[in-house]
Number of protein chains: 2
Amino acid sequence: MDPVSYLEANQERFLAELDAFLRIPSVSSDSRHAADVKRAADWLADEFRRLGADRVEIYPTPGHPVVYAEQHAGDHLPTILVYGHYDVQPPDPLDLWDSPPFEPVIKATPLHPQGAIFARGSCDDKGQVYMHVKAFEMLKQQGPLPCNVKFLVEGEEEVGSTNLEGFVKQYRDMLRAGVVLISDTSLLSIDTPSITVGLRGLAYLEVTVTGPSRDLHSGVYGGAVDNPINVLCQMIASLKDAQGRVAIPGFYDRVVNLSEAERAELARRPHDEAAYCESIGIRQTGGEAGYSTPERTSIRPTLDVNGMWGGYTGEGAKTVLPSKASAKISMRLVPDQHPDEITRLFTEHFLRLAPPTVSVTVTPHHGGNAAVVSTETPAYRAAALAMEDTFGKRPIPTREGGSIPIVALFQRELGLDPVLMGFGLDSDAIHSPNEHYGVLNYLKGIETIERFHHHFAALHGA
Amino acid sequence: MDPVSYLEANQERFLAELDAFLRIPSVSSDSRHAADVKRAADWLADEFRRLGADRVEIYPTPGHPVVYAEQHAGDHLPTILVYGHYDVQPPDPLDLWDSPPFEPVIKATPLHPQGAIFARGSCDDKGQVYMHVKAFEMLKQQGPLPCNVKFLVEGEEEVGSTNLEGFVKQYRDMLRAGVVLISDTSLLSIDTPSITVGLRGLAYLEVTVTGPSRDLHSGVYGGAVDNPINVLCQMIASLKDAQGRVAIPGFYDRVVNLSEAERAELARRPHDEAAYCESIGIRQTGGEAGYSTPERTSIRPTLDVNGMWGGYTGEGAKTVLPSKASAKISMRLVPDQHPDEITRLFTEHFLRLAPPTVSVTVTPHHGGNAAVVSTETPAYRAAALAMEDTFGKRPIPTREGGSIPIVALFQRELGLDPVLMGFGLDSDAIHSPNEHYGVLNYLKGIETIERFHHHFAALHGA
């Protein structure tokens, strides 16, 4: 059966199977869900076995297991390594979900008139991983595969891929391939295909300001004792200047500024500022002066407070002058900023900012390098041709704001060309309540991935 | 038996009875403790009945009940109204207590070498209320009372005395007196008697900054969407200038500045800056330029963040750009700042501070007027003479940083001269973990209150 007919004939089943996968609450950051994470790994491995993969393994790690599967088609054929993750973000805050996060429902939305699957992990990344599984099924029913294929699906992406580097180093030979294909990014829109060629890096820290050794009565002591929350607010406020630039000395030293030609190319990417604002409920965007919204979210670094807490946060009023205040602060990085160096610059600057009335600690969480992907490789060309087949348009190379630290890992450790061919939309609410993934995006993704295998094989032969 | 001998003979029992009172967790702000609050009211009323008061009543209110007791001694005699509260602050954070907050223990401390009672409410205000009950017992065993006495002990002081104004207005005739005597303040030290003649007022608000309509992925959106936590930090930071002055227009317009003579008088109050810092674990004090620590905590207004929260505050890292951030902010006020006006000035200014990328709400919690007490009344003179009897020194009139909004209520509604004769120390950790109250302070307090009744009667006859 030709691929399009096969997809049409099986799409209800493809959706039903994804539904089952999404029902497993594989929240990697929460130890209460450890058994669920394992169950998701087992479910995925069983699926590969059912499809008749040559080899299926679940590799334990000190954290959550790695699912590995492969199908060999011929020594002379090129090899595609597919990377994804079966773990998901915590669903909190639960009360903001319109339907339970692990009970998928399909509903139409303005951007998904043909319906979207609402569930944690639907887009990030179970739905996108499962496209590869279904494309594999389609390829298998056609006869011998056009390429060898290997699947590496981890369970710790949402907690920093802690054990992946060790795994990749240990199984370097097993993972040998010509490309690493990753679907964990977005399309510009369902009508505007795009391939991600840049990702930002990340430096994530936690800071604590301590004033008095205990919580004090704000009437008795207020006025003479520097309040750690007020102090932390001042310190955080001073981290950006009036132009929205990060005010840490040296922060921009290694930033690669784009040429006017490159910025002009980037500006060709369609962007509707009003629709962007409306989709996230803001009146207007903000950020670094002199840059557009697409630039601010891709080629420029950022500094965001991801969480802050201190003092009395219950109902009503308590007149406390608290002992401590804390914040989680992260910076998105661009080439050639290095997370370790930025972490050091932040820490040195932040400690210098502290007035002598308080003490400050800075604890690094995790980081990752920014990545830039060449558009000149056979892998990128195969992806572009595949998208042209299924969308009828050449994809636009884009740089995204998020971070996938493992891209740099695959480049460095395995020497692989990465292809970041994702099918989500920025508005799919990943990491948020009501995460969803378009049904059309899911089906187009399966179709495009199937095409990629054929084009990659053809370009290899050429 | 003479009062001193009676006190010596009974002090073990006086401590044991207070221990029983402190074991009742009468936390007024927590509905799970409503039955305990009621139990504390019953316990106190039973105690007045046991001592043979003429009349003992428990008045229900829409919140927690008022305990009322009185003993009439003669129509020609002056009347003392004693005010206090039997409710306590929440004991949180529990893990910072060295012993359970509702299981009193007596331990020596550097400032209390003869021991202090460690328990929530020991100083604020059960221990201080109970001194009046024991002074009443001592007076009764001497024969006819020197003055008529009325006790009004409420159960909602720690939640803003919500129902007290209505009660005072409704029972105006019943509460008629010549003085309202309150022990809910501090001594300068056990060797330096003092009477509080000024209290700061309070304006308490809660603010929320809302950016996007849902939590966003900080990689996808970071850089183009103003982060509500960063914005709130900037807004809060801008509320004070580099001199530590509150930067709300009009904030200082009604502040009564003390004359140099008055400031010189205030500077005579003993203050050991190094000991002050050491007692609360800070390296140095901070605050408004040009004022001393005692001034900053009494005659100058303040602005403190009492609590702040937003985004991800759990363990580890979550790369969220949050939808909202909130803070509880309070200002201590001095004469003649009015809480309603300050609340309005704050609100107008804070809304103006908001950038157009976010929306802001400001919700007032509660407020109270600052109070100034005359030292020229018979009531004050009686208190000064009583302290001279028991401490061997004339007390110093002081202004305190805390707020007792009901002082202004008694002045306004009942026309009463207040006497703020408290026996705690600033270092007693009220509203904090390990609240305590000196055993000597407790016993001296009972003795001094007994003397007050005699002096007030004598001055009335004079």
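Naming convention: chains lettered A, B, ... in sequence-line order (proteins, then strands); numbering from 1 in each chain.
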* Asked: Non-hydrogen atoms of chain A under 4.5 Å away: do they reach the side chain of B/N434, the backbone, both or neither?
  -> neither

* To do: Heavy-atom distances under 4.5 Å only: say whether A/V231 touches chain B with side chain, backbone, both or neither.
  => neither

* Asked: Any donor and acceptor pair, going by atom type alone, linking the side chain of B/R214 with main-chain N or O of A/P433 inside 3.5 Å?
  -> no

* To do: Measure from the side-chain N and O atoms of A/Y204 to the backbone N and O of B/K318, and report whether any donor-acceptor pair falls under 3.5 Å.
  => yes

* Does atom CD of A/E278 have more than 12 heavy-atom neighbours from other groups under 6.0 Å away? -> no

* Structure fact -> Highest number of heavy-atom pairs under 4.5 Å with chain B among A/A429, A/G402, A/S330, A/P356 belongs to A/P356

* Looking at A/G244, A/G316, A/S403, which makes the most heavy-atom pairs under 4.5 Å with chain B? -> A/G316

* Which portion of A/L303 sits near chain B, non-hydrogen atoms under 4.5 angstrom -> both

* Asked: Relative to chain B, which segment of A/A325 carries a heavy atom at a distance below 4.5 Å: side chain, backbone, both, or neither?
  -> neither

* Among A/G311, A/G310, A/G287, which has the most heavy-atom pairs under 4.5 Å with chain B? -> A/G310

* To do: Select, from A/Q234, A/H365, A/R300, the one with the greatest count of heavy-atom pairs under 4.5 Å involving chain B.
  => A/H365

* Structure fact -> Among B/A224, B/P301, B/S238, B/G307, the residue with the most heavy-atom pairs under 4.5 Å to chain A is B/A224

* Asked: Can you tell which of A/S279, A/S292, A/P294, A/G314 has the highest number of heavy-atom pairs within less than 4.5 Å of chain B?
  -> A/G314

* Structure fact -> To the nearest 0.5 Å, atom OG of B/S432 lies from atom CG of A/L321 at 9.5 Å

* Asked: Side chain, backbone, both or neither: which part of A/T302 has a heavy atom under 4.5 Å from chain B?
  -> side chain

* Asked: What residue in B/E400, B/E295, B/Q89 has the most heavy-atom pairs under 4.5 Å with chain A?
  -> B/Q89

* To do: Using distance alone, with no hydrogens and no angle criterion, decide if A/T357 and B/R283 have a side-chain donor and acceptor under 3.5 Å apart.
  => no

* To do: Measure A/I280 against the heavy atoms of chain B and call it side chain, backbone, both or neither at under 4.5 Å.
  => both

* Asked: Can you tell which of A/G222, A/A237, A/G401 has the highest number of heavy-atom pairs within less than 4.5 Å of chain B?
  -> A/G222

* Short side-chain to backbone donor-acceptor contact, A/N306 and B/V320, under 3.5 Å -> yes

* Asked: With chain A, which of B/P93, B/G281, B/S186 has the greatest number of heavy-atom pairs at distances under 4.5 Å?
  -> B/G281

* To do: Decide yes or no for B/K240 and A/N230: does some side-chain heavy atom of the first lie under 4.5 Å from some side-chain heavy atom of the second?
  => yes

* By a 4.5 Å heavy-atom criterion (distance strictly below it), what part of A/D124 contacts chain B: side chain, backbone, both, or neither? -> neither

* **Side chain / backbone / both / neither for A/P322 at chain B, heavy atoms under 4.5 Å** => side chain

* Structure fact -> Output for pair (B/T285 OG1, A/D226 CG), nearest 0.5 Å, gives 8.5 Å

* Structure fact -> Answer key: most heavy-atom pairs under 4.5 Å with chain A among B/L205, B/T313, B/D215 is B/T313

* **B/N227 side chain vs A/V305 backbone, donor-acceptor pair below 3.5 Å** => yes

* Start with the C-alpha gap between B/Y276 and A/Y221, add the side-chain angles, then the distance that decides, and say whether side-chain contact (heavy atoms from CB on, under 4.5 Å) holds. => CA-CA 10 Å; B/Y276 183 88; A/Y221 291 93; 3.2 Å; yes

* Check whether any side-chain heavy atom of B/H431 sits under 4.5 Å from a side-chain heavy atom of A/T319, and report yes or no. => yes

* Structure fact -> Bottom line for B/E315: the part with an atom under 4.5 Å from chain A's heavy atoms is backbone

* Structure fact -> Okay, A/E288 and chain B: the region with an atom under 4.5 Å from a heavy atom over there is backbone

* Structure fact -> The interface call for A/R332 against chain B, heavy-atom contacts under 4.5 Å, is side chain

* To do: Working to the nearest 0.5 Å, report the span between OG of B/S218 and CG of A/L202.
  => 7.0 Å

* Do A/C233 and B/M308 touch side chain to side chain, with heavy atoms closer than 4.5 Å? -> yes

